[in-house]
Each structure stands twice: as C-alpha cells, then as structure tokens.
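What follows is one structure encoded as structure tokens, with my remarks underneath.
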Amino acid sequence: MKFNKNRLNQPWAAYTFAACCAVLLFVFLSHINLLGIGLSKLYSFIRPVFIGLIIAYILNPLAKVICSGISRLGRKVQAPSGKDTEALRIYNLRLQRRARNRWRISVALTIVLVVVFIVILLVALIPQIVTSVGTLISNVGSYVKTINTLLENLDSMASKAKLDIGSITTFLQGALDQVGTLLTKNSGGIVDTVTGIGSGIFNGIISFIISIYFLLDKTRLLAGCRRLARLLIAEKRYPAIASFWKRCNHIMIRYIASDILDGLFVGCANAVFMIIAGMPYIPLISVVVGVTNLAPTFGPIVGAVIGAFILVLANPWQALWFLIFTLILQTIDGYVVKPKLFGDTLGVPSIWILISIIVFGRMWGVAGILLAIPIAAITDFIYHDYIVQKLESRKKKRAAAAGDGAEN
C-alpha cells in the first residue's frame, strides 16, 4: 500500500499526531520505573569500570606530581642543531619514548605508594577498630547501668533543689535501655558487619586494576576524546568549551585532594587529643571523625555526635571534653585550615552549598553530599562567567542598537 503524502496536510493529521504523542508520553511515564530498573541493571554491569575510572581520576594528580619530579631529575636530551629533518624526527621520537617511560614509572610508583598506604592503614587500624567495637558491645550493659545511676543521682539532687527533672531522666533511661538492648541483641550482626567489610574485595581489586589501565592509556584516551570533540564541536567554540572543562577539572581535583588532606588532619588531631586525654576507643572514634569530616556542613556534626555517644557510655565527662575539643578543632579547621587548602574552590555562598547538599544528597546519597561543594562551585562560576556575562553583552548590544536608531 502506497503512502499518500497529501494526507499530512489534512486538518485531522496534526490532531492525530498530537494524540499519538500524548499516548506515548503517558505510556512512557507510567512505565518509567522500568527505565530505572534497566539503568540500575546496566550500572551493575559497568560498575567496576565506572569505579575504576573514578580511582584513576583521583590518582592522576599524584602520578602527575611524581612524573614532573622524575622529569626534573632526568637527563635532558640534546636538541639537534640545524634543520636536518631526520634528526628532528629521531629527536621527537626519543622525547615521546622518554615521556611514555616517565609516565609508566610514575604510575607504577603511584600504585606502590597507594598499596603501601592501604596496607599500613589496614594493619594498623582494622584490628584495633574491631577490638574497640567488640569491647564496646561487651561492656555496653555496665555502661548503661553506670549512666542510669548517674541520672538517678542527678534526679535526687534536682529534687533536693526543688527542681522536677523526672520526666527527662525517665526518658533518657528508657532510651539508654533500648540502645543497650539493641546493641546486645544485634552484637553478632554488628561484629559481622565490621569484620565483613572486605566482602566486596574482588570487585574492588578489579576496579583498581582497571584504573591502572586507565592511567597507563591516559594520553591515548584523552587524544581520542579531543579528536571526537573537535569533530562534534565547531572550531570557533572548541577553545571556550575546552577551557570550561579544564576549569571544572581544576575545581574538582583541588576539592578532592583538599578534602582528603583535611579529613586526615582532623582525624590525626582528634587521635592526638584522645591519646593525651587518655580516652578509650581512639582508632574507632578518630576514623569516624575523619571520614565524616569529608562530608560538608553536616559531616563534622555527625562525627561529633557519634564520638560523644560512644564516649558517654564509658565516661560522660570524657564525652563533654571530647565535644569541647571538637568544637575548637572544627573552628580552627573551618577558619584556618580549609581556607588554606581549598582556596578559591569554596568561593560559593553558604546557601547554595546547603541547597546543593540537600538536592544532590537526595539524588545520589552519600556521593551527592560529598560532591555538593564542587558542583556548587562549578555552577556558580558557570552562572557568573557565562550566563551573566552573556546577558550583559546582549543588553549592551541592544542599548547600542537603540542608541544608533535614535541618532538616525
């Protein structure tokens, strides 16, 4: 049957097309959950590759620093004199070969440093953390009894002073009893969770190996991406787009490196204070404080609450001193350390950071919270350097055109 093109000009054709589009949109929206299931299935297959790409992206700056150090220490190749084409070709080949060898050595040294750091961290911290968790769970009953006795003494002291805090102490005693019951009943599950963190080691090793290949083939992969971008993007717009992505990369890398260093500083400072104060559970609380500090705004609060809760079971006064020190440490970290580390990557209004944490945290969970600040910084510079400037230039052109029209 031959299709008649003249039917498209009929009045009912447009209405029929609109109705079909509406039906298709309704079917798509009613089955959008299938799209989410399909994407999750796809992500489950490519997850090791995606994680490997992220690991390579994080390790790339360290490899670049090592490579620049090796290039400064290496012996320079003498450039050929004159305009001998063959000598220049051989000279360029030698430079390329030396650059590839330097990069391979840099990647190898980076992997060795990371592996040694992870091994030292696991050997030094994991056994102590497991021991601390086991000790906490085994002693939680006596801790709860001690705090209940303290609350009863406070209640009796308040009653002598003609103050009624019975409802408060009753509520706290009930909450502590529930916590103790939950920890006692689920102690096996908690210990299994802590000791079974390495259940995903196989996928982690695969991702780490993939990241090594990404790093080794970095030059070739980037060259292919640049070539594809030049084919897809107009030649006049390519420099601006390349500069945009370069600045985004600078913000992201600087934020990740600064955030990791800041977390190490906070965790180590917390450990030193707890050692001096003679507090228990030093590895467990210091790791919790350092890791939660990676999350902006709410992370330090969560770390302080968890650390104080663990300490209040053992000694309430130590928990109070811990909270005071955490407040001082976070003040120093927020006003001295972070401005030095982050520099211009934190030049974003606080309200935008808070909105980014809420929005991206709901969208991507913990990863969204961790990336809230760099995404907010990138959005901020896009707004000021591109959108605002473009609107201002357009307004100036309109004003100039209006002025020329008035003169004519």
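For reference, positions follow the sequence shown, starting with 1.
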For this session: Look at the side chain of Ser207 and the backbone N and O of Pro48, then say whether any donor-acceptor pair between them is shorter than 3.5 Å.
Result: yes
Seminar exercise, completed: Smallest heavy-atom separation, Ser106 atom then Ala63 atom, equals CB-O, 3.5 Å
Seminar exercise, completed: CD1 of Ile210 to CG of Leu53, rounded to nearest 0.5 Å, is 10.0 Å
Problem set entry | Sub-4.5 Å side-chain heavy-atom contact between Asp333 and Asn293 | yes
Problem set entry | Asn101 side chain vs Arg97 backbone, donor-acceptor pair below 3.5 Å | yes
Problem set entry | Identified side chain to side chain contact (heavy atoms under 4.5 Å, CB included) partner of Val116 from the options Val112, Val119, Leu113 | Val112
Problem set entry | Side-chain touch Pro280/Leu311, heavy atoms, less than 4.5 angstrom | yes
For this session: Spell out, as yes or no, whether a donor-acceptor pair under 3.5 Å connects the side chain of Trp103 to the backbone of Asp217.
Result: no
For this session: Please report the closest heavy-atom contact between Thr110 and Ile66, naming both atoms and the distance.
Result: OG1-CD1, 3.5 Å
Problem set entry | With Arg230 via salt bridge (Lys or Arg N to Asp or Glu O under 4.0 Å) - residues at least two apart | Glu235
For this session: Answer yes or no: is there a donor N or O on one side and an acceptor on the other, between the side chain of Ser258 and the main chain of Tyr255, under 3.5 Å?
Result: no
For this session: Provide the full list of ring pair (Phe, Tyr, Trp, His ring centres under 6.0 Å) pairs with a residue in residues 312-332, sequence neighbours left out, each pair given once.
Result: Phe273-Phe325
Exercise. Got more than 12 heavy atoms from elsewhere within 6.0 Å of NZ, Lys218?
Worked result: yes
Problem set entry | Spacing of Asn270 atom CG and Gln330 atom CD [to the nearest 0.5 Å] | 9.5 Å
For this session: May I ask you to check whether over 12 heavy atoms, not counting those of Tyr238, lie within 6.0 Å of atom OH?
Result: yes
Problem set entry | Distance in Å, Leu109 CG paired with Cys67 SG, rounded so as to fall on 0.5 Å steps | 10.5 Å
Exercise. Got a donor-acceptor contact below 3.5 angstrom from the Ser243 side chain to the Pro239 backbone?
Worked result: no
Exercise. CD1 of Ile328 to CG of Leu323: how many Å apart, nearest 0.5 Å?
Worked result: 11.5 Å
Exercise. With a 4.5 Å limit on heavy-atom distance, are the side chains of Val289 and Thr326 in contact?
Worked result: no
Exercise. Once you round to the nearest 0.5 Å, how far does CZ of Phe244 lie from CD1 of Ile378?
Worked result: 7.0 Å
Exercise. Any donor and acceptor pair, going by atom type alone, linking the side chain of Ser68 with main-chain N or O of Val65 inside 3.5 Å?
Worked result: yes
Exercise. Between Leu59 and Ile111, is any pair of side-chain heavy atoms under 4.5 Å apart?
Worked result: yes
Problem set entry | Partner set under side-chain hydrogen bond (donor to acceptor under 3.5 Å, both in side chains) for Asn249, not counting sequence neighbours | Tyr57
